[in-house]
**Q** 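Have a look at the structure that comes next, please.
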Amino acid sequence: MRWSQALIPTLKETPADAVAPSHILLLRAGMIRRLGSGAYTYLPLGLRVLHKAIAIVRQEIDAAGALEILMPALQPIELWKESGRFDTFGDLLMQLKLSNQQHAALGPTHEEVVTDLARDLINTYRQLPITLYQIQTKFRDEPRPRFGVLRTREFVMKDAYSFGANVEQLSASYDAMFEAYCRTFDRCGLDYVIVEAESGPIGGDSSHEFMVPSDIGEDSVVQCLKCGYAANRERAEIGVIPKLDEKLGAETAAPPYEKVATPNRRTIEEVASFLKMKPDQTAKLLVYLADGRPVAALLRGDRTANEAKIRRAFAASTLVPADQETIERATGVPLGFLGPVAIKIPLLVDREIASMTQVVVGGGELDVHLRGVVPGRDFPLDDLRDLRDADSGDPCPKCGEKLELRQGIEIGHVFKLGTKYSKAMGATFLDEHGQAVPLIMGCYGIGANRILAAAVESGYDQNGIIWPFPLAPYTVLIAPLQVQNAEVLSAADTIAKALESAGIDYLIDDRELRPGVKFKDADLIGIPIRVVIGERGLKEGKIELKWRHKAEAETIPAESAAEAIIELVESTKKSHEAMCRSRIAERAAARSTATGN
RNA sequence: CGGGGCGUAGCGCAGUUUGGUUAGCGCGCCUGCCUUGGGAGCAGGAGGUCACCAGUUCGAAUCUGGUCGCCCCGACCA
């Protein structure tokens, strides 16, 4: 492609409403343009990257044995009512009225449609297992689109759905997708982390997220750098925190707790600052309705409750925070002054509380808190649980080392669904005994646009984007510096022709501009290999070769330049493929050790 | 949905507090000269419903009321 014929509207200045590096750079590099909030046009350069990412996804998902289909984005609302998600999806679902009063939705995901298809087409266990997928635009009425292409109202997703006759088939399909995702992201050249994710009432290892670490990532993940444990923050378990054994001797002699007046101080912040203490010296008592029954959880004041953990701890299938009226009716204590001493409803205590010698808690009556309360002495510690979100510095559940908390961009998610949709929508098959049984499903998503955002977030410098080799809009940028000079231009054209016939994609900057402008633009759009041809070098029979990610350029002989560049591209591809293969081997080895024996 | 900010040329901004010539500046764009290895220089030029609607006023980018749009923080995120 000749730059003079292309549409690459680079910007010298930073657009005012872009904040995230990927957003700023994709705009400045002329790859995207905003139409409205959360809606972006992909210009030629950006679209090429998107297409390269999609091509890799498609190859790997195909190779994993899934079958590509294309379902409508436009869906009858009845399907959503049938699955029960019309209510749970809420305002996120983009709805519209068609003629004839038809009520429709633009698909935010396709469990309903694919389950409808399956109940129609899958009749017998002999057709199972099967995995269907599509690559298609999804619609979600996001309350707050942000960070450019990272969170939009309309986005391209690869969504796959597996159907199995039993749990073994589900696991096999899940594992195949999991492996395909690893291969996909390895091939994209992304640095990703796989984390255990919260999977709802099913539990177990039935959900994983693929994350690219980034400060603008919207998900928090905890990671143990020692043993490799990684989990979504909501999911992460916390290792055992040592109890203070010695306190049994020392602290039983501590003075009894005292009541202090805390007029109208209800929140942890208010109480702590009023008593001139830190929030981590206090504890808070939270009240929930577990399957409708009021229950309480006690956490250190500065911690975040984890509702999924609390729900499981109370063996409940639903858990919602209790409202003020319910709390006061159930406990007889006004909101803001609840404490664990003499509480009237079932109480579970977070494990961490056992490591506190003294604590400030609510006094169980209006405008009163208790200071110097000793856990274990003043309230029981016999049922300790893990009830909170993991934090930086908490012990790893596997090895006890300190966990690190980081942000990440979710680029892929694999999930064992079970029979949630097949049961709700009557998607059954006949098993070996002629029994109609619900299909066992899994679902697997990859956000194509997020691959772009994540690649830029993890590959840029102050001059612009540094694309990973496999995703770059073009592999080689050829920059003849003096286009008026016939020798320079023909040297550039010679190289271009050679790349063309070698099947290597390139962009040739044939614009009649000053060299500085060309260099700035080249850095901005981030093409991996830059070939500079200038009058000066050409006189000495030399042209310049530079990697975008390296500071220094090298010179090579002009007459053999084309061959050298082709060789460089080929060897880079080969070493990347070799890296992907060795990752595959590593995972296979890890699996056989894990299955043990 | 709560809090904060913004809307003036393709992009970045000044002007608004205190109403008053023809609404400015930089970048980009067009023409010419000049220049040519890291966003050059000179000269000339095009480009504006000052987000929209209503009001106050002799007079509104500027004051008042309303509407819309966009960004950030939070809530939310199968």
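So you know, we letter chains A, B, ... as the sequences are listed, proteins then strands, and number each from 1.
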**Q** Can you tell me the base-pairing partner of G24(B)? Count Watson-Crick or G-U wobble geometry only, both distances below 3.5 Å, and say none if there is no partner.
**A**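 G24(B) is paired with C13(B).
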
**Q** Can Lys138(A) be said to sit on top of Phe155(A)'s aromatic six-ring, NZ or CZ under 6.0 Å from centre and within 45° of the ring axis?
**A**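 Geometry flag: not set, cation outside 6.0 Å or 45°.
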
**Q** Write down the partner of C70(B) under the Watson-Crick or G-U wobble criteria, each distance required to be under 3.5 Å.
**A**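 G5(B) is the nucleotide pairing with C70(B).
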
**Q** Would you mind reporting whether Val49(A) and Trp467(A) have side-chain heavy atoms less than 4.5 Å apart?
**A**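 They are in contact (side-chain heavy atoms under 4.5 Å apart), so the answer is yes.
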
**Q** Check step by step if side-chain contact (heavy atoms from CB on, under 4.5 Å) holds for Arg450(A) and Glu410(A).
**A** CA-CA 8 Å; Arg450(A) 281 187 173 184; Glu410(A) 182 188 344; 3.9 Å; yes

**Q** Considering only atom C1', compute the distance from G28(B) to A9(B) and round it to an integer number of Å.
**A**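 Their C1' atoms lie roughly 11 Å apart.
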
**Q** Is C29(B) paired to anything, Watson-Crick or G-U wobble with both distances less than 3.5 Å, and if yes, which nucleotide?
**A**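 WC or wobble partner is G45(B).
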
**Q** Salt bridge or not between Arg406(A) and Asp215(A)? Use side-chain N to carboxylate O under 4.0 Å.
**A**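 Answer for the salt bridge query: no.
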
**Q** When you check every protein heavy atom under 4.0 Å of nucleotides 27-32 of chain B, what one-letter string (B, S, -) results, 5' to 3'?
**A** SS----

**Q** So which nucleotide does C76(B) pair with, by the Watson-Crick or G-U wobble rule with both distances under 3.5 Å?
**A**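 Because no pair has both required distances under 3.5 Å, C76(B) counts as unpaired.
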
**Q** For Val19(A), which contact category applies under a 4.0 Å heavy-atom criterion: base, sugar-phosphate, or nothing?
**A**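 It contacts sugar-phosphate atoms only.
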
**Q** Take atom C1' in C29(B) and the same atom in G39(B), then report the distance between them in whole Å.
**A**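 Roughly 16 Å separates the two C1' atoms.
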
**Q** For C30(B) versus G10(B), give the span between their P atoms, rounded off to a whole number of Å.
**A**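 It comes out at 15 Å once rounded to the nearest Å.
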
**Q** Short of 4.0 Å, heavy atom to strand atom, which residues of residues 33-43 of chain A count as contacting RNA chain B?
**A**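 Arg34(A), Gly36(A), Ser37(A), in order of number.
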
**Q** Take atom C1' in G48(B) and the same atom in A14(B), then report the distance between them in whole Å.
**A**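 Roughly 15 Å separates the two C1' atoms.
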
**Q** Taking atom P in both C27(B) and G66(B), compute the distance separating them and give it to the nearest angstrom.
**A**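 Taking atom P in both C27(B) and G66(B), they lie 41 Å apart.
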
**Q** So which nucleotide from G39(B), A78(B), G74(B) ends up closest to the side chain of Arg146(A)?
**A**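 Nearest to the side-chain atoms of Arg146(A), counting from C-beta on, is G74(B).
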
**Q** I'd like the C1' distance from U8(B) over to C50(B), given in whole Å.
**A**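 It comes out at 4 Å once rounded to the nearest Å.
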
**Q** When the distance from CG of Asp461(A) to P of G38(B) is rounded to whole Å, what number comes out?
**A**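 Taking CG of Asp461(A) and P of G38(B), I get 18 Å after rounding.
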
**Q** State which of U36(B), G39(B), C11(B) makes the closest approach to the side chain of Pro15(A).
**A**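 Between U36(B), G39(B), C11(B), the one nearest the side chain of Pro15(A) would be C11(B).
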
**Q** Answer yes if the side chains of Gln95(A) and His103(A) hold a donor-acceptor pair under 3.5 Å, and no otherwise.
**A**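 Gln95(A) vs His103(A): donor-acceptor pair found between side chains.
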
**Q** Decide yes or no on ring-ring contact (aromatic ring centres under 6.0 Å, His included) for Tyr40(A) and His23(A), but give the supporting numbers first.
**A** CA-CA 11 Å; Tyr40(A) 287 83; His23(A) 189 192; 5.6 Å; yes

**Q** Nearest of G39(B), G12(B), C70(B) to any side-chain atom of Ala16(A)?
**A**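 Among the listed nucleotides, the one closest to the side chain of Ala16(A) is G12(B).
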
**Q** Would you indicate which nucleotide in C71(B), G39(B), U36(B) comes nearest to any side-chain atom of Asp17(A)?
**A**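 Nearest to the side-chain atoms of Asp17(A), counting from C-beta on, is C71(B).
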
**Q** With ring-ring contact (aromatic ring centres under 6.0 Å, His included) as the test, would you mind laying out the steps for His413(A) and Phe210(A) before giving the verdict?
**A** CA-CA 6 Å; His413(A) 196 167; Phe210(A) 290 71; 9.1 Å; no

**Q** Over all strands shown, is Gln484(A) touching base, sugar-phosphate only, or nothing at heavy-atom distances under 4.0 angstrom?
**A**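 Base contact.
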
**Q** Grab the CG-C1' distance between Leu11(A) and G26(B) for me, whole Å please.
**A**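 Taking atom C1' of G26(B) as the reference, CG of Leu11(A) is at 15 Å.
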
**Q** Do we see a donor-acceptor contact under 3.5 Å between the side chains of Gln136(A) and Asp159(A)?
**A**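 Absent: no donor and acceptor within the cut-off.
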
**Q** Would you mind reporting whether Tyr181(A) and Ile61(A) have side-chain heavy atoms less than 4.5 Å apart?
**A**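 Yes, at least one pair of side-chain atoms sits under 4.5 Å.
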
**Q** Kindly state which residues belonging to residues 150-164 of chain A come within less than 4.0 angstrom of RNA chain B, counting heavy atoms of the residue only, listed by number.
**A**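 The answer is Arg151(A).
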
**Q** With the side chain counted from C-beta on, respond yes when Val222(A) and Asn232(A) share a heavy-atom pair under 4.5 Å apart, and no when they do not.
**A**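 SC-SC contact between Val222(A) and Asn232(A) ruled out.
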
**Q** Considering only atom P, compute the distance from C63(B) to U18(B) and round it to an integer number of Å.
**A**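 Comparing P positions in C63(B) and U18(B) gives a spacing of 8 Å.
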
**Q** Give one of base, sugar-phosphate or nothing for Asp219(A), where a contact means two heavy atoms less than 4.0 Å apart.
**A**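 The answer is nothing, as Asp219(A) stays clear of every strand by at least 4.0 Å.
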
**Q** Touch check for Asn463(A), heavy atoms < 4.0 angstrom, all strands: base, sugar-phosphate only, or nothing?
**A**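 No contact.
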
**Q** Side chains of Gln169(A) and Ser171(A): donor-acceptor distance under 3.5 Å anywhere?
**A**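 Judged by distance alone, the side chains do not pair up.
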
**Q** Under 4.0 Å between any heavy atoms, over every strand shown, what does Arg511(A) touch: base, sugar-phosphate, or nothing? Just pick one.
**A**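 Nothing: the residue Arg511(A), judged by heavy atoms under 4.0 Å, touches no strand.
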
**Q** From A78(B), A40(B), C73(B), pick the nucleotide closest to the side chain of Phe147(A)?
**A**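 My answer, after comparing the listed nucleotides, is C73(B).
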
**Q** Out of Asp389(A), Asp391(A), Asp280(A), which residue meets the salt bridge (charged side-chain N to carboxylate O under 4.0 Å, His left out) rule with Arg303(A)?
**A**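 Exactly one pass, corresponding to Asp391(A).
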
**Q** If I pick the P atom on C53(B) and the same atom on A61(B), what distance separates them, to the nearest angstrom?
**A**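 Here A61(B) and C53(B) have their P atoms 13 Å from each other.
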
**Q** With hydrogens left out and only the distance checked, is there a donor-acceptor pair under 3.5 Å joining Arg144(A)'s side chain and the base of A75(B)?
**A**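 Donor-acceptor pair under 3.5 Å: no.
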
**Q** Do we see a donor-acceptor contact under 3.5 Å between the side chains of Ser22(A) and Glu457(A)?
**A**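 Present: a donor and an acceptor within the cut-off.
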
**Q** How many Å lie between CG on Asp509(A) and C1' on G38(B), as a whole number?
**A**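 Asp509(A) atom CG is separated from G38(B) atom C1' by 13 Å.
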
**Q** Expressed as a whole number of angstroms, how long is the span from Asp521(A):CG to G37(B):P?
**A**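 Rounding to the nearest Å, CG of Asp521(A) and P of G37(B) are 17 Å apart.
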
**Q** Given atom CZ of Arg85(A) and atom P of A78(B), what is their separation to the nearest angstrom?
**A**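 To the nearest whole Å, that distance equals 10 Å.
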
**Q** I want to confirm an ordering. Mapping Glu512(A) and Ala20(A) to their closest nucleotides on RNA chain B, which one lands closer to the 5' end?
**A**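 Whichever sits nearer the 5' end wins; that is Glu512(A).
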
**Q** Taking only Lys NZ, Arg NE, NH1 and NH2, and the carboxylate oxygens of Asp or Glu, determine whether Arg146(A) and Glu218(A) approach each other closer than 4.0 Å.
**A**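 Judged by the 4.0 Å cut-off on N to carboxylate O distance, Arg146(A) and Glu218(A) do form a salt bridge.
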
**Q** Evaluate the side-chain contact (heavy atoms from CB on, under 4.5 Å) criterion for residues Lys158(A) and Tyr133(A): first the C-alpha distance (whole Å), next the side-chain angles of each, then the deciding distance (0.1 Å), finally the verdict.
**A** CA-CA 7 Å; Lys158(A) 186 285 312 173; Tyr133(A) 83 98; 3.9 Å; yes

**Q** Quick one: Arg536(A) CZ to G37(B) C1', roughly how many Å, whole number?
**A**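 Answer to the nearest Å: 5 Å.
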
**Q** Report the residue (Lys518(A) or Pro145(A)) whose heavy-atom-nearest nucleotide on RNA chain B is the more 5′ of the two.
**A**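 Its nearest nucleotide lies further toward 5', so the answer is Lys518(A).
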
**Q** Using both distances under 3.5 Å as the test, list the Watson-Crick or G-U wobble partner of G39(B), or none.
**A**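 Checking every strand shown, G39(B) finds no partner, since no pair has both distances under 3.5 Å.
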
**Q** Which nucleotide sits closest to the side chain of Arg530(A): C70(B), A78(B), G38(B)?
**A**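 Output: G38(B).
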
**Q** Applying the Watson-Crick and G-U wobble criteria at under 3.5 Å, what pairs with U56(B)? Answer none if nothing qualifies.
**A**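 Result: none.
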
**Q** Pick base, sugar-phosphate or nothing for Pro143(A), based on heavy-atom distances below 4.0 Å to the nucleic acid.
**A**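 Answer is base: heavy atoms of Pro143(A) come under 4.0 Å of a base.
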
**Q** What is the distance, rounded to the nearest whole Å, between atom CZ of Arg514(A) and atom P of U35(B)?
**A**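 The answer, rounded to whole Å, is 11 Å.
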
**Q** Report the distance from atom CG of Leu92(A) to atom P of A75(B), rounded to the nearest whole Å.
**A**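 That distance rounds to 16 Å.
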
